[in-house]
Amino acid sequence: MRPANHISERVLAAPPRRGRLAPNEYIAGILAGDRVVLARAITVIESELDADLDLAQYILETVLPHARPARRVGITGVPGAGKSTFIDALGLLLTAERGESLAVLTVDPSSPLSHGSILGDKTRMERLSQQPNAFIRPSPSRGHLGGVARRTRETIVLCEAAGFQNIIVETVGVGQSETAVRSMTDFFLLLMLAGAGDELQGIKRGIIEMTDCLAINKADGDNLPKAQRARGEYASALHLFPPTPDGWTPRVLTCSALTGDGIAEIWQTVLDHHQTLAENGYFHERRRQQALAWMHELIQSTLEDEFRRHPQVHARLPELESLVRQGRATSFGAARDLLALFLRQE
């Protein structure tokens, strides 16, 4: 795939904006595995400035043919399950012990008031952040549903083009919309805790049905017997769900990110899952489904961007928002009026 000629020519002809590299410097840096350039390219991809749209598209479409499929692992979990500590331990296994490269894409929830985010995952993965073959990129969710950032799919492509063998996507947590990560990863891991109440009622059935492995973390010390009992309960519960179409039987394991127990077993499960799907042909089918999901997401996000940039919609939106807040217009009526402006033929 090559960038559209008119976009390519426009991007290459324009002088770099302040704070931006020349277009081909991004390409060369990403393909060389330069983490500083990769981070700067991700910033361009995540930018919501109109001035960065063409550059972002040029970067993505130019590096896409060079993206080598990595193992994509999505990790979610209940609050307090220790996702960041677990990823820190798993990352050390991959980078320090196995000598493999790892990119960790974490998502911090954004404030609904200020839209700001702390982006503190690097401080919670202190050991992993010191590994030379590890790359940790926190991104704000900015209200995007699905537990992931808006441009997580694009960031995955950049990391694969940079040569990373493994990519972990950590979501903001378990909730009704935390399943989008399933549509962009190959393996879905759900971290749980034992003794935290009625765990099976505390999470959504849909997430359980999509889980490739359920791991009960903090299985150490006095909590170990409770974790082992919970493992049996979850394993029994999973038998009640229908078989998965990919031929994989979800596993329930225990682990301790603190002691490292069970971490290697979980990664072996990831490898077993990858081999099973590769042998039955479902791995490529899943990647095709991911590509379709990406296309649909791009259509939706592009339509929303175009809608908000429409001159008449942009001019009318504040007034209608004010009327809705005051109760002088219905949400349905306001939305219908704005869509009519957007869809009206010139």
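Positions are given from 1 along the sequence.
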Student check: side-chain heavy atoms of [X] and [Y] closer than 4.5 Å:
{"X": "V63", "Y": "L158", "result": "yes"}
{"X": "V157", "Y": "L64", "result": "yes"}
{"X": "L189", "Y": "D212", "result": "no"}
{"X": "I75", "Y": "F188", "result": "no"}
{"X": "W294", "Y": "S183", "result": "no"}
{"X": "K218", "Y": "C255", "result": "no"}
{"X": "D186", "Y": "L277", "result": "no"}

Salt bridge check, [Y] against [X]: does any charged N sit closer than 4.0 Å to a carboxylate O?
{"X": "R308", "Y": "E48", "result": "no"}
{"X": "E100", "Y": "R71", "result": "yes"}
{"X": "D88", "Y": "K83", "result": "no"}

Please identify each residue that fulfils side chain to side chain donor-acceptor pair (under 3.5 Å) with [X], with sequence neighbours left out.
{"X": "E285", "result": "R288, Q289"}
{"X": "T330", "result": "none"}
{"X": "R286", "result": "D246"}
{"X": "T276", "result": "none"}

Contacts of type side-chain contact (heavy atoms from CB on, under 4.5 Å), residue R35, not counting sequence neighbours: F135, F164
Partners meeting side-chain contact (heavy atoms from CB on, under 4.5 Å) with Q275 (sequence neighbours left out):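 Listed in chain order: E279.
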Check: F283 ring centre within less than 6.0 Å of H274 ring centre: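 Yes, ring centres under 6.0 Å apart.
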Hydrophobic cluster of [X], others only, ordered by chain and residue number, side-chain cut-off 4.5 Å:
{"X": "L258", "answer": "none"}
{"X": "L49", "answer": "none"}
{"X": "L292", "answer": "M295, I299, L303"}
{"X": "L92", "answer": "none"}

With distance as the sole criterion, is a donor-acceptor pair present between the side chains of [X] and [Y] under 3.5 Å?
{"X": "N133", "Y": "S101", "answer": "no"}
{"X": "R328", "Y": "S322", "answer": "no"}
{"X": "Q290", "Y": "R72", "answer": "yes"}

Side chain to side chain donor-acceptor pair (under 3.5 Å) evaluation trace for R182 with T211: CA-CA 9 Å; R182 188 68 179 94; T211 298; over 6 Å; no
Compare every heavy atom of [Y] with every heavy atom of [X], then report the nearest pair and how far apart it is.
{"X": "L190", "Y": "G77", "answer": "CD1-CA, 4.0 Å"}
{"X": "A81", "Y": "L193", "answer": "CA-CG, 3.8 Å"}
{"X": "P318", "Y": "H314", "answer": "CD-O, 3.3 Å"}

Salt bridge (charged side-chain N to carboxylate O under 4.0 Å, His left out) contacts in which one or both residues fall within residues 254-278, not counting sequence neighbours: R251-D272
Worked verdict on R137 versus E46 for salt bridge (Lys or Arg N to Asp or Glu O under 4.0 Å): CA-CA 12 Å; R137 174 69 184 204; E46 292 179 340; 3.1 Å; yes
Sequence neighbours excluded, every pair satisfying ring-ring contact (aromatic ring centres under 6.0 Å, His included) that has a member inside residues 243-268: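 Listed by first then second residue: W248-H273.
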Point-to-point distance, once rounded to the nearest 0.5 Å, from CG of L31 to OH of Y26: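 L31 atom CG to Y26 atom OH measures 14.5 Å (nearest 0.5 Å).
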